[in-house]
Amino acid sequence: MKALSILVLFTTSLSAHTWEAGASTDKESLRQHILEEWMQQRAVSMQGEIKPVQVASTASTLNLAAAAAANAANAPAVAKPFLAFPRLELKWDKDFLFVGSNGLPDHGMMVGITAWQQQVPLPQNYTGDNAWRIPLHPVPAKTPAIVEGHFLRGAIALGVNGIPIFNPQNNRGEVSYEIGELDQWGGHCGRADDYHYHITPLHLQAAVGKGMPVAYALDGYPIYGLTEPDGSPIGRLDECHGHENAKVGYHYHASTKRPYLQSAFHGVVVEADGQVDPQPRAQGVRPDTAPLRGAEITGFESAGSNGYKLSYQVGGEKRSISYRINGDGTYPFEFNNGRSGIVKEVYARRGGGGRAVGQGGAPPASTASGFVLTSPEVVDGGNLPKDYTGDGSGATLPLEWKGAPAGTKSYALIMDHLAPGNEMKSYWVMWDIPAKVTSLPKNVKGVGRLGVGFRGEPGYEPPHSQGPGAKTYVLHVYALSAEPKITGSSSVRREALLAAMEGKILAKADLSVVYTRGGEAPPSAQPRPPQSGGQPGGQRKPWMQTHGAELDSSGDGFVTLEETLEDMKAAALKYDADKNGIITLAEIDAAGDIREGAVFAGFIYRHAFELDANQDSQLTSAEFEKAAKHLFDSTDLDHDGRLTPQEVQSAPNVRLGNPGVPPK
């Protein structure tokens with residue numbers, strides 16, 4: 001095992017925290033006090049470890065103590081900008097600096113996001129073997145690895161506060177900053193509720209000073225701000241958006257427009273599965289959630305010890321999510337959905353992820369590894385056959401389970417779905433299933449007791465989605481140590497059953513099924529062939545880069561807005577089967593992938609859901625026109641009303657959903 005030098009860890013806990021400013025302090029007096037105290041208390045072991053210095057708890061004091069410790073420890077130069085953030089755990093060997101953190105910054109988060117996928121910041125365990133690593137001796141690559149269109153998963157750099165920085169493009173190839181996905185600090189949360197930036201965090205210069213880098217690319221080269229370290233203007237930059245000088249060697253520079261970060265890796269990196277490899281893994285505790293259209297995040301604050309509250313509004317209605325991070329590994333959430341009411345869930349961390357485990361209170365025992373739920377009709381994550389939906393006969397799905405733990409006295413079953421707005425809807429509530437029963441036939445009758453679904457109907461309420469797109473429903477079977485005691489058992493809902501099962505759940509097995517409107521997955525839900533110009537892994541060049549030149553119907557070398565709108569109109573007519581001026585998703589699916597007669601025809605087939613800005617499952621001429629104009633305006637960089645070949649070839653990825661919302 002390699003010997004590691006260990007830098008001072010001033011806070012032993014990596015728990016959640018607040019970011020409120022401390023009391024003002026006379027810095028010069030404080031500096032003298034800290035240095036004197038540090039000289040008295042420092043102790044360096046034979047292994048190079050510096051023991052923590054006991055100092056006052058203000059942020060200023062900690063920063064000064066960290067700086068003093070760095071000088072004495074003779075830490076590698078790469079470590080020094082990280083020392084302004086005393087919550088970090090820093091270690092190094094001869095090859096790498098290892099940066100440990102809990103993934104939460106000391107500044108505010110989330111405020112200002114207008115394109116939100118309902119994720120919230122949760123701490124991550126970026127420590128030990130899962131810490132970030134920065135090469136101490138970066139090696140120039142023979143051929144720089146281009147960032148755009150690549151490395152769309154995971155981080156490409158690390159802020160000096162220990163927060164990862166992802167590609168400016170999200171995993172759909174869109175620039176997150178330009179479509180409203182980022183907060184006022186340039187960050188947001190991923191599917192694992194992991195906070196990260198997508199642009200260079202220039203605000204960190206306030207903590208480290210303009211002469212220090214604000215980040216390090218994962219190839220080991222530093223990223224500086226908008227000037228050289230000595231304050232002079234930036235000179236000519238190379239294809240990686242960096243250059244070399246005698247004082248600091250090779251380094252990158254940030255920018256306030258594209259590329260925002262390095263545009264390519266000057267140093268050697270390994271790309272695997274769409275990301276720089278190796279790098280730490282984030283671990284989620286909740287299912288990933290869908291975008292919430294029209295939501296704007298207005299506040300995020302600490303709510304007591306290890307508690308948080310995120311406030312947002314939709315259509316002028318104020319809503320919020322409050323949650324806590326408990327020491328026992330549970331995460332109670334309360335979703336205040338405005339007029340739709342309040343929903344409570346408790347999630348528990350289990351290895352690589354988590355599941356909701358009930359309403360309030362303590363979680364059940366850990367899911368037994370051998371307790372599994374299956375169906376002879378659908379595999380886990382597969383499409384729910386039409387017969388078991390509201391588009392079919394509405395039959396109950398046949399189920400089988402095995403591996404229940406010893407002591408199981410009965411079973412209960414719930415089928416639910418997390419709808420937009422964090423509304424949990426239930427479709428099947430059943431309990432008092434005898435312990436000897438390990439399967440339910442299709443259209444089961446006479447077994448157990450039935451509650452009501454979210455509509456208030458007794459028994460099974462088959463999914464009958466009113467909106468387009470695939471939706472996931474989860475069936476849960478609970479192995480119980482005792483029968484739940486429910487009084488007044490008529491109209492028992494999911495929440496009442498969960499409350500009655502609290503403390504009695506020995507194990508839980510889940511089966512996820514997917515239902516797309518219309519029953520079985522229609523052609524639009526199936527994987528569609530990539531457009532020309534496709535990238536590996538489903539990544540595509542922006543549509544305008546691939547097809548924009550074809551919109552030049554006059555052949556004069558330029559694309560006008562009129563040509564763009566006329567082509568979109570002609571393409572829409574090809575899908576309007578009944579010629580009523582309104583195109584349904586069913587008409588689009590029936591027509592299939594039209595490739596001739598209009599450039600936008602194939603585009604409509606692939607992006608029908610995104611074009612439906614108001615999500616009413618109908619596309620109007622106004623929606624088509626708005627989308628076409630949005631694509632044109634996003635490409636018309638000089639705003640002269642026509643697209644040159646150069647503008648077409650540099651066209652960005654843009655968000656189609658509700659294109660009337662300006663990008664941030």
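Below, all heavy atoms of this structure are taken into account, side chains as well, without hydrogens, waters or symmetry copies.
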Q: Could you please spell out the steps behind the side chain to side chain contact (heavy atoms under 4.5 Å, CB included) verdict for Asn306 and Asn326?
A: CA-CA 7 Å; Asn306 291 331; Asn326 291 336; over 6 Å; no
Q: Using atom types as modelled and distance alone, determine if a side-chain donor or acceptor of Glu89 lies under 3.5 Å from a backbone N or O of Val99.
A: no
(Q) If the condition is side-chain contact (heavy atoms from CB on, under 4.5 Å), which residues does Lys318 pass it with, not counting sequence neighbours? (A) none
Q.
Quick check: closest heavy atoms across Thr472 and His417, and the distance to 0.1 Å?
A. O-ND1, 2.8 Å
Q. Are the side chain of Trp401 and the backbone N or O of Ala404 linked by a donor-acceptor pair below 3.5 Å?
A. no
**Q.** Donor-acceptor contact present, side-chain Asn130 to main-chain Arg281, <3.5 Å
**A.** yes
Q. For the side chain of Asp183 and the backbone of Gly186, is there at least one donor-acceptor N/O pair under 3.5 Å apart?
A. yes
Q: Apply the test salt bridge (charged side-chain N to carboxylate O under 4.0 Å, His left out) to residues Glu317 and Arg319: give CA-CA distance (whole Å), side-chain angles for both, the deciding distance (0.1 Å), then the verdict.
A: CA-CA 6 Å; Glu317 181 181 69; Arg319 303 183 183 184; 2.8 Å; yes
**Q.** Asp510 vs Lys508 side-chain heavy atoms within contact, under 4.5 Å
**A.** yes
(Q) Holding to side-chain contact (heavy atoms from CB on, under 4.5 Å), I want the full list of residues that pass it with Ser481, two or more places apart in sequence or in another chain. (A) Lys504, Leu506
Q) For the residue pair Phe333 and Tyr323, does the interplanar ring angle fall in the parallel (under 30°), tilted (30 to 60°) or perpendicular (over 60°) class? A) parallel
Q. Within the side chain of Glu457, is there an N or O that forms a donor-acceptor pair under 3.5 Å with the backbone of Gly453?
A. no
Q) Below 4.5 Å, heavy atoms only, C-beta onward: do Pro123 and Ile325 meet side chain to side chain? A) yes
**Q.** Heavy-atom closest pair, residues Gly187 and Ile113
**A.** O-CD1, 4.1 Å
Q: Could you walk me through whether Leu413 and Leu440 pass side chain to side chain contact (heavy atoms under 4.5 Å, CB included), step by step?
A: CA-CA 11 Å; Leu413 180 147; Leu440 299 177; 4.0 Å; yes
Q. Is a side-chain N or O of Asp380 found less than 3.5 angstrom from the main chain of Ser512, in a donor-acceptor match?
A. yes
(Q) If only side-chain N and O atoms count, and only distance matters, is there a donor-acceptor pair under 3.5 Å linking Asp387 with Ser393? (A) yes
**Q.** Geometric class of the Tyr195/Tyr197 ring pair [parallel <30°, tilted 30-60°, perpendicular >60°]
**A.** perpendicular
Q. How about Tyr308 and Phe300: are their ring centres within less than 6.0 Å of each other?
A. yes
Q: Indicate the atoms forming the closest heavy-atom contact of Ile179 with Ala115, along with that distance.
A: O-CB, 3.4 Å
(Q) How long is the straight-line distance from SG of Cys189 back to CH2 of Trp116, given to the nearest 0.5 Å? (A) 10.0 Å
**Q.** Distance (rounded to the nearest 0.5 Å) between Met109 CE and His188 NE2
**A.** 13.5 Å
Q) How far does NZ of Lys402 sit from CG of Leu373, to the nearest 0.5 angstrom? A) 11.5 Å
**Q.** Pair Arg286-Asp193, salt bridge (charged side-chain N to carboxylate O under 4.0 Å, His left out): steps then yes or no
**A.** CA-CA 8 Å; Arg286 306 187 300 149; Asp193 290 317; 2.9 Å; yes
**Q.** Ring centers of Tyr478, Tyr411 separated by less than 6.0 Å
**A.** no
(Q) Between Thr396 and Asn443 (side chain of the first, backbone of the second, donor and acceptor by atom type, cut-off under 3.5 Å), is there such a pair? (A) yes
Q) With Phe166, which residues qualify under ring-ring contact (aromatic ring centres under 6.0 Å, His included), at least two apart? A) His196, His198
(Q) Measuring from atom CG of Leu498 to atom NZ of Lys344, what distance do you get when rounded to the nearest 0.5 angstrom? (A) 13.0 Å
Q | Glu345 bridged to Arg494 by N-O distance under 4.0 Å | A | yes
(Q) When you measure from the side chain of Ser375 to the backbone of Glu377, do you find a donor-acceptor pair of N or O atoms at a distance under 3.5 Å? (A) yes
Q) Would you call Arg191 and Gln119 a side-chain contact if the rule is heavy atoms closer than 4.5 Å? A) yes
**Q.** Heavy-atom check, side chain of Phe151 versus side chain of Gln275, under 4.5 Å
**A.** no
Q: Output, in order, the C-alpha distance, side-chain angles, deciding distance and verdict of side chain to side chain contact (heavy atoms under 4.5 Å, CB included) for Val429 and Val452.
A: CA-CA 6 Å; Val429 176; Val452 300; over 6 Å; no
Q.
Looking at Ser101 and Gly162, would you say the former's side chain and the latter's main chain have a donor-acceptor pair under 3.5 Å?
A. yes
Q: Please check if any side-chain donor atom of Thr389 sits under 3.5 Å from a side-chain acceptor atom of Asp391, or the reverse.
A: no
Q | Euclidean distance, Asn336 CG relative to Ile321 CD1, rounded to 0.5 Å | A | 10.0 Å
Q. Checking side chain to side chain contact (heavy atoms under 4.5 Å, CB included) against Tyr126, which of Asp194, Ile163, Asn102 comes through?
A. Asp194
Q.
So, taking the atom named CG in Leu88 and the one named CG in Asn161, what distance separates them when rounded to the nearest 0.5 Å?
A. 7.0 Å
Q.
Closer than 4.0 angstrom, basic N to acidic O: yes or no for Glu181 and Arg172?
A. yes
Q: Check the pair Leu122 / Tyr331 against side chain to side chain contact (heavy atoms under 4.5 Å, CB included), numbers first and verdict last.
A: CA-CA 9 Å; Leu122 287 177; Tyr331 300 73; 3.9 Å; yes
Q.
Has Gln124 got a side-chain atom pairing as donor or acceptor with Gln283's backbone, closer than 3.5 angstrom?
A. yes
Q) Do Ser311 and Lys309 touch side chain to side chain, with heavy atoms closer than 4.5 Å? A) yes
Q) Are any non-hydrogen side-chain atoms of Met110 and Pro121 less than 4.5 angstrom apart? A) yes
Q. Under a 4.5 Å cut-off applied to non-hydrogen side-chain atoms, are Leu475 and Leu399 in contact?
A. yes
Q: Check Lys442 against Tyr388 and note the closest heavy-atom contact, atom names and distance.
A: CD-OH, 3.6 Å
Q.
Measuring only between side-chain heavy atoms, which start at C-beta, is Trp431 closer than 4.5 Å to Ile486?
A. yes
Q | Salt-bridge present (Lys409, Glu483; N to O < 4.0 Å) | A | no
**Q.** Shortest non-hydrogen separation from Tyr312 to Ile297 and the atoms involved
**A.** CB-CA, 3.9 Å
Q | Pro463 to Tyr473 - nearest heavy-atom pair and separation | A | CB-CZ, 3.8 Å
